[in-house]
Amino acid sequence: MRLSRYFLPTLKETPAEAEVVSHRLMLRAGMIRQASSGIYSWLPLGLKVLQNIEEIVRREQLRSGAQEILMPTIQSADLWIESGRYEDYGAEMLRITDRRGREMLYGPTNEELITDIIRSDIKSYRDLPKNLFHIQWKFRDEIRPRFGVMRGREFLMKDNYSFDLDEAAARHSYNRMFVAYLRTFQAMGLRAFPMRADSGPIGGDMSHEFLVLAETGESKVFFHKDMDALAIPGDDVDYDGDLQPIVDQWTSLYAASDEQHDAANCPVAAEDLNSGRGIEVGHIFFFGTKYSKPMGAVVQGPGGDEILVQMGSYGIGVSRLVAAVIEASHDENGIIWPESVAPFRVGLMNLRIDDAGCTAAADDLYGKLQAAGVDVLYDDRDERAGAKFSRMDLIGLPWQIAVGPRGLKDGIVEVKNRATGERIDLSPEDALARFATAK
RNA sequence: CGGGGAGUGGCGCAGCCUGGUAGCGCACCUGCUUUGGGAGCAGGGGGUCGCAGGUUCGAAUCCUGUCUCCCCGACCA
């Protein structure tokens, strides 16, 4: 993509409304613009990142055996009245009345809708287990939206729902998600720890929050230092096999958020306890028959009896993850994207557009990188070199290639690693080869 | 929802107290010079001062109402 044609409205100064670093950088890097409080438009650069994250989430869900569906954003109030949550949910639910006076709502979550789908079409124990996910925009009319997309009112969320015949099977469904989540966050270059979450009486030991470590995270967390060293299951993990040992390995180590941590009664010795700050990006929990019971989601068992479906639900804040990655990975100059979520892999800069030789070399390299399938953003604008360097640092592409007359005189271009700041001189051919080959 | 603050060109702000018809920096356009880490000079375009009432000869400025946004707290992916 040529930057001269790309819509990338970066800002030199930080808008006054932005407080946290991810919000500031997302505005400055031209990723988002606020539409109203807690509601944002995604501009090309931000959208690419959002889609990359979404794709990683989707890939790991599918790998774990879940199946993708898509439910609507607008729901009828009827189902919510049936489950008893229409009143309970309160003002956080955005209620809408259609032209016929029917009560509708912009879904804050989808338990009711999915339960309705399941009860209509799943009648036999032979149809279980099922695990269905969708990635859809939600709306919660937060009392106080803040921190940009970290805590917006409208947000993109992956949520899925498992349906099992009994609690043992439900536990396996739960464990699958547990493992899938570990893999998902790692694939985005994040360190995420599961923490036991209090979900009331139903969930028991089957409720965990996943927190991404970031210095600027909103809540303080404490965890056993061995957690750092725990391996994440590889691509060969068998989701049909016994996942309990993996889950046990993680859950046996102490990890707690600020509210739950009690220094006086902490089972871990002080020297073994690490602390940091975290951002909640995922939550998984088992809730048994909470919805299947009031809504009558039953299957017929082998003996002809009716059995209430055991359900679990699992969320990942997809749009929030964009901000979380930035919180976890930035410096004073801007964003530092992990390669897996970066909007472009390489930022190519023509430092002197009015120098025919320089422009020819940069154009040539751009064409060849593209032909080799490298996702590259090419700064071909008539700007000063300094402005180009600064902007590249701000938008945080993993690799920068600077093509200028000075280097070309010696037959080289400069390749810079955004994360480490390391710069190396390569011939254009070597630079091409470096990125054209596998990552 | 309680407490605080702010709405003036795309962004950051001054002007308001003490009314006289809007200004600065960045960004943008033109020209010249410059050119490897956000250049310099000159010229230029763009603003119903959130909105609605009121006071006044005259309102960005004073008064009343209203909307929006932000920050702190209680609540959340």
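By convention in this document, chain letters (A, B, ...) are assigned in the order of the sequence lines, proteins followed by strands, and residues within each chain are numbered from 1. This structure is a prediction, so every number in the text was calculated from the model and none was measured.
Across all strands shown, A/A18 has no heavy atoms under 4.0 Å from either base or sugar-phosphate atoms. Nucleic acid contact class of A/K416 (heavy atoms, under 4.0 Å, all strands): base.
Under the 4.0 Å criterion applied to side-chain N and carboxylate O atoms, A/E142 and A/R151 are assigned as salt-bridge partners. Using a cutoff of 4.0 Å between basic side-chain nitrogens and carboxylate oxygens, A/E154 and A/K138 are not scored as salt-bridged. Taking the charged nitrogens against the carboxylate oxygens, A/E103 and A/R95 have no contact shorter than 4.0 Å, which rules out a salt bridge.
Contacts of A/Q186 classified as side-chain contact (heavy atoms from CB on, under 4.5 Å), with partners at least two apart in sequence or in another chain: A/I232. Taking A/F147 as the reference, nothing meets the ring-ring contact (aromatic ring centres under 6.0 Å, His included) condition, with sequence neighbours excluded. Scanning for side-chain contact (heavy atoms from CB on, under 4.5 Å) contacts around A/P405 gives A/R352, A/D355, A/C358, with sequence neighbours left out. For A/F193, the ring-ring contact (aromatic ring centres under 6.0 Å, His included) partners two or more places apart in sequence, or in a different chain, are A/F223. Remark: A/A170 pairs with A/D164, A/F286, A/Q310 by the side-chain contact (heavy atoms from CB on, under 4.5 Å) rule, at least two apart or across chains. Partners of A/E112 by salt bridge (Lys or Arg N to Asp or Glu O under 4.0 Å), not counting sequence neighbours, listed by chain and number: A/R85.
Taking a pair to require two hydrogen-bonding distances under 3.5 Å in either a Watson-Crick or a G-U wobble arrangement, B/rC26 pairs with B/rG10. Across the strands present, B/rC1 finds its partner in B/rG73; the criterion is a Watson-Crick or G-U wobble pair with both atom distances under 3.5 angstrom. Figure legend. B/rG46 is base-paired to no nucleotide; pairs are counted as Watson-Crick or G-U wobble with both atom distances under 3.5 Å. Remark: B/rU35 base-pairs with no nucleotide; criterion is Watson-Crick or G-U wobble with both hydrogen-bond distances under 3.5 Å. In this structure, B/rU18 makes no Watson-Crick or G-U wobble pair, since no nucleotide meets both defining distances under 3.5 angstrom. With a 3.5 Å ceiling on both atom-pair distances, the Watson-Crick or G-U wobble partner of B/rC51 is B/rG65.
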(Q) Evaluate A/F210 against A/F178 for ring pair (Phe, Tyr, Trp, His ring centres under 6.0 Å), listing each step before the verdict. (A) CA-CA 9 Å; A/F210 285 75; A/F178 191 105; 5.5 Å; yes

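One can place CG of A/L11 at 15 Å from C1' of B/rG25, the figure rounded to the nearest angstrom. Remark: P of B/rA39 and CZ of A/R391 are 13 Å apart, rounded to the nearest angstrom. Atom CD in A/E17 sits roughly 15 Å away from atom C1' in B/rC13 (whole-Å rounding).
Near RNA chain B, meaning a heavy atom under 4.0 Å from it, residues 29-43 of chain A has A/Q34, A/S36, A/S37 in order of number.
When each of A/T10 and A/F147 is assigned the nucleotide of RNA chain B with its nearest heavy atom, A/T10 is the one assigned upstream, toward the 5' end.
B/rG12 and B/rC28 have their C1' atoms separated by 16 Å, with the value rounded to a whole Å. Spacing between B/rC70 and B/rC63 at atom P, rounded to whole Å, works out to 26 Å. Of the P atoms belonging to B/rC17 and B/rG4, the separation is 24 Å, rounded to the nearest Å. As rounded to the nearest Å, B/rA14 and B/rG47 have C1' atoms that lie 15 Å from one another. Distance check on atom C1': B/rG20 versus B/rC13 gives 24 Å, rounded to whole Å. B/rC71 and B/rU33 have their P atoms separated by 48 Å, given to the nearest Å. For the P atoms, the distance linking B/rU8 with B/rC69 amounts to 14 Å, nearest Å. Here, B/rC1 and B/rG38 have their C1' atoms 44 Å apart, quoted to the whole Å.
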Enumerate, atom names and distances included, each donor-acceptor pair closer than 3.5 Å involving a side-chain atom of residues 38-47 of chain A, sequence neighbours excluded.
residue	atom	partner	partner atom	Å
A/Y40	OH	A/Q34	OE1	3.2

Its contact letters, B for base, S for sugar-phosphate only and - for none at protein heavy atoms under 4.0 Å, make nucleotides 26-36 of chain B read SS------BBB

Tabulate atom names and distances for all N/O pairs under 3.5 angstrom spanning the protein and nucleotides 74-77 of chain B.
residue	atom	partner	partner atom	Å
B/rA74	N6	A/R146	NH2	3.1
B/rC75	O2	A/R151	NH2	2.9
B/rC75	N3	A/R151	NH2	2.7
B/rC75	N4	A/R146	NH2	3.1
B/rA77	OP2	A/E280	OE1	3.4
B/rA77	O3'	A/E280	OE1	3.3
B/rA77	O3'	A/E280	OE2	2.5
B/rA77	N6	A/G152	O	2.6

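Within the structure, ring-ring contact (aromatic ring centres under 6.0 Å, His included) pairs that include any residue of residues 321-359 of chain A comprise A/Y6-A/F344 (at least two apart or interchain). Applying the ring-ring contact (aromatic ring centres under 6.0 Å, His included) test to every pair with at least one member in residues 58-89 of chain A, sequence neighbours left out, gives these pairs: A/W80-A/Y89.
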